[in-house]
Amino acid sequence: AGLTSSFASHGKKFWGSAADPNTIGISQNVAILKSDFGGVTPENSMKWDATEPNQNSFNFGNSDQLVNWATSNGKLIRGHTLVWHSQLPGWVSSISDSATLTSVIQNHISNVAGRYAGKLYSWDVVNECLGEDGNLHSSVFFNVLGENFVSIAFRAARAADGGAKLYINDFNLDSNNAKVRGMVGLVGRVNSGGKLIDGIGTQMHLGAGGAGGAQAALSALASTGLEVAITELDIAGASSNDYTTVVNACLNTPQCVSITTWGVSDANSWRSGDSPLLWDSNYQPKAAYNAVIQDL
Ligand SMILES: OC[C@H]1CNC[C@@H](O)[C@@H]1O[C@@H]1O[C@H](CO)[C@@H](O[C@@H]2O[C@H](CO)[C@@H](O[C@@H]3O[C@H](CO)[C@@H](O)[C@H](O)[C@H]3O)[C@H](O)[C@H]2O)[C@H](O)[C@H]1O
């Protein structure tokens, strides 16, 4: 059995991977996605700079391709991402009026999330809004709208797609650190007036030997009672021990519903120099892959 079916045998939803037209166009990659993965996340095609490069003119060419491929191959989809300060067009980051920015966010989300309503498992509604101290960091969204931009985004996402799980996603949520505590506080405040956020995504772009804090991080995030997902896993050096440590942390955390690696093969990884994934640059499974399968 492959990754996702072995993982699902423990009551988990799916094991996914980042993907996009550039990687579903590679036959070796597609063969592995079909055999071992139960979900995909668009690596770039659903981001603001790709979907709405100019105000109110939308481009869904690549994202439609990814969604159609996933749907016709029975893969769940994690939408990524609606509101993020990076890969953001200049026409958005230059807005300084709160009413304008609010309607721009609402229009973007109703068009993008509305288009895929009913087809996605979840959305990363807000991505990377926290600083390492656990407070919201400076961005056009926070500077113009304050913390309320998070609620504005989640309400718009809920209105556009009543079925998708709505996640807040961030990196360096890899141990029970100030950022994890900040995230727990933020979701508590946002959900205090009624549940807007359904889940917390921890990206887990790890260094070699960096998996030791995974259990503490997942337990702390799960203490909110929300779903938790590992959303962009890759680990420098891809050691068997690091990968099985992360997998076991998820197995031991009932709210941890899925693991997504940020790609399949080192050949297409954003950090290929670190050899961080479970398949090498010749699309051959590494020792870590066998160790994970054995562990599951
Ligand atoms: O940075 C890693 C993670 C961290 N968490 C959020 C998550 O979304 C992020 O993913 C990475 O996010 C990165 C940008 O922030 C992506 O990198 C961008 O990926 C884009 C699509 O391939 C690149 O854009 C292409 O660039 C080419 C040459 O510069 C141009 O010819 C193409 O037209 C242009 O699309 C950008 O330069 C490149 O910066 C990576 O593929 C993607 O893996």
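Ligands are counted one by one from 1 in listed order, and the atoms in each one are counted from 1 as well.
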Exercise. Applying the 4.5 Å side-chain criterion to the ILVMFWY set and letting contacts propagate, would I77 and I32 be lumped into a single cluster?
Worked result: yes

Problem set entry | Ligand-side contact atoms (ligand 1) for residue partner K47, heavy atom cut-off under 4.0 Å | 7 (C), 8 (O), 10 (O), 11 (C), 12 (O)

Seminar exercise, completed: Check: of N169, N44, N268, min heavy-atom distance to atom 18 (C) of ligand 1 comes from N44

Exercise. For the residue pair F171 and W262, is the inter-centroid distance of their aromatic rings smaller than 6.0 Å?
Worked result: no

Exercise. Under a single-linkage definition using a 4.5 Å side-chain heavy-atom cutoff for Ile, Leu, Val, Met, Phe, Trp and Tyr, are L136 and Y167 assigned to the same hydrophobic cluster?
Worked result: no

Exercise. So, is N127 polar-close to ligand 1, with some N/O to N/O distance under 3.5 Å?
Worked result: no

Exercise. Is the shortest distance from a heavy atom of R271 to ligand 1 less than 4.0 Å?
Worked result: no

Seminar exercise, completed: ligand 1 to Q203, heavy atom cutoff 4.0 Å, flagged ligand atoms 4 (C), 5 (N)

Problem set entry | R78, K12, K165 screened by salt bridge (Lys or Arg N to Asp or Glu O under 4.0 Å) with E227, the one that passes | K165

Problem set entry | Gap between atom OG1 of T102 and atom CG of N148 - 0.5 Å precision | 7.5 Å

For this session: Could you tell me which atoms of ligand 1, counted from 1 in the order shown, lie closer than 4.0 angstrom to a heavy atom of E128?
Result: 4 (C), 5 (N), 6 (C)

Problem set entry | Contact partition for W84 relative to ligand 1, non-hydrogen atoms under 4.0 Å | side chain

